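Before any comments, here is the structure.
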Amino acid sequence: MNRLRRQQILDTVLRIPEGRVASYGEVAELAGWPGRARLVGRILKEFEGPAPVPWQRVLRANGCIAFPEGDPRHDLQADLLGQEGVEVRGGRVDRERYGWSGD
DNA sequence: GTGGTGACGCGGA
DNA sequence: ATCCGCGCCACCA
């Protein structure tokens, strides 16, 4: 079952459109595992570096990049988002503009 | 078995 | 805005 759960979460992340973002909590919710935001982060942790899955589109509920400033991953995520047209200011994204909540 | 640690989130002070 | 506490658990020492 762990296997299926992991796949459902990854599938949900893959559904986030290019140029849009979703929070860890939303991904968990959409995947059918409400309240399991931490699990989403734990799973995405395996995909650092070049992205087989668009992990850069997943942010905290307040629109901030989860990694602290100074962490190389923080800048990497900001760059990847910028490359697909998502404006990142101060490590934060305007969820009103780029937020995605399923379709 | 036990305790600490997270790519979290929310409500309250 | 910021800080804290708590709920959530998978993972690891």
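Since the model is a prediction, treat every value here as computed from it, not as a measurement. Below, chains carry the letters A, B, ... as their sequence lines are ordered, and counting in each starts from 1.
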In terms of the nearest nucleotide of DNA chain C, which residue is placed more toward the 5' end: A:Arg92 or A:Leu39?
A:Arg92
A:Glu29 atom CD is separated from B:dC8 atom P, nearest whole Å, by 18 Å
Tell me the interatomic distance from A:Asn62, atom CG, to B:dC10, atom P, rounded to whole angstroms.
10 Å
Length of the line joining A:Asn2:CG and C:dA10:C1', which is rounded to integer Å:
9 Å
Return no unless some side-chain N or O of A:Arg38 is found under 4.0 Å from OP1 or OP2 of C:dG7.
no
Counting just side-chain N and O atoms, does A:Arg60 come under 4.0 Å of either OP1 or OP2 of B:dC8?
yes
To the nearest angstrom, how far is A:Arg42 atom CZ from B:dA7 atom P?
11 Å
Let me know the distance between CG of A:Leu80 and P of B:dA7, rounded to the nearest Å.
18 Å
Could you state the CD1-P distance from A:Ile43 to C:dC11, rounded to the nearest angstrom?
9 Å
Could you tell me whether the side chain of A:Arg92 and the main chain of A:Cys64 form a donor-acceptor pair under 3.5 Å?
no
Give one of base, sugar-phosphate or nothing for A:Glu48, where a contact means two heavy atoms less than 4.0 Å apart.
base
If we count only N and O atoms by modelled type, under 3.5 Å, do the side chains of A:Gln83 and A:Asp79 hold a donor and an acceptor together?
no
Identify the heavy atoms of A:Tyr98 and A:Val93 that sit nearest to each other, and give their distance.
CD1-CG1, 3.6 Å
A:Ser23 side-chain N/O to B:dG9 phosphate OP1/OP2 under 4.0 Å:
yes
Treating A:Gln8 as the side-chain partner and A:Arg3 as the backbone partner, does any N or O pair qualify as donor plus acceptor under 3.5 Å?
no
Figure out the CH2/C1' separation between A:Trp33 and C:dA10, and round it to whole Å.
13 Å
Provide, to the nearest angstrom, the distance between the CZ atom belonging to A:Arg36 and the P atom belonging to C:dC8.
10 Å
Where the side chain of A:Lys45 is concerned, which of B:dG9, B:dA7, C:dA10 is the nearest nucleotide?
B:dA7
Counting only side-chain nitrogens and oxygens, does A:Arg6 get under 4.0 Å of the OP1 or OP2 atom of C:dA10?
no
Do A:Arg20 and A:Glu18 meet the salt-bridge criterion of a basic N to acidic O distance under 4.0 Å?
no
Only pairs with both distances under 3.5 Å count, Watson-Crick or wobble alike; so what is the partner of B:dT2 in this structure?
C:dA13
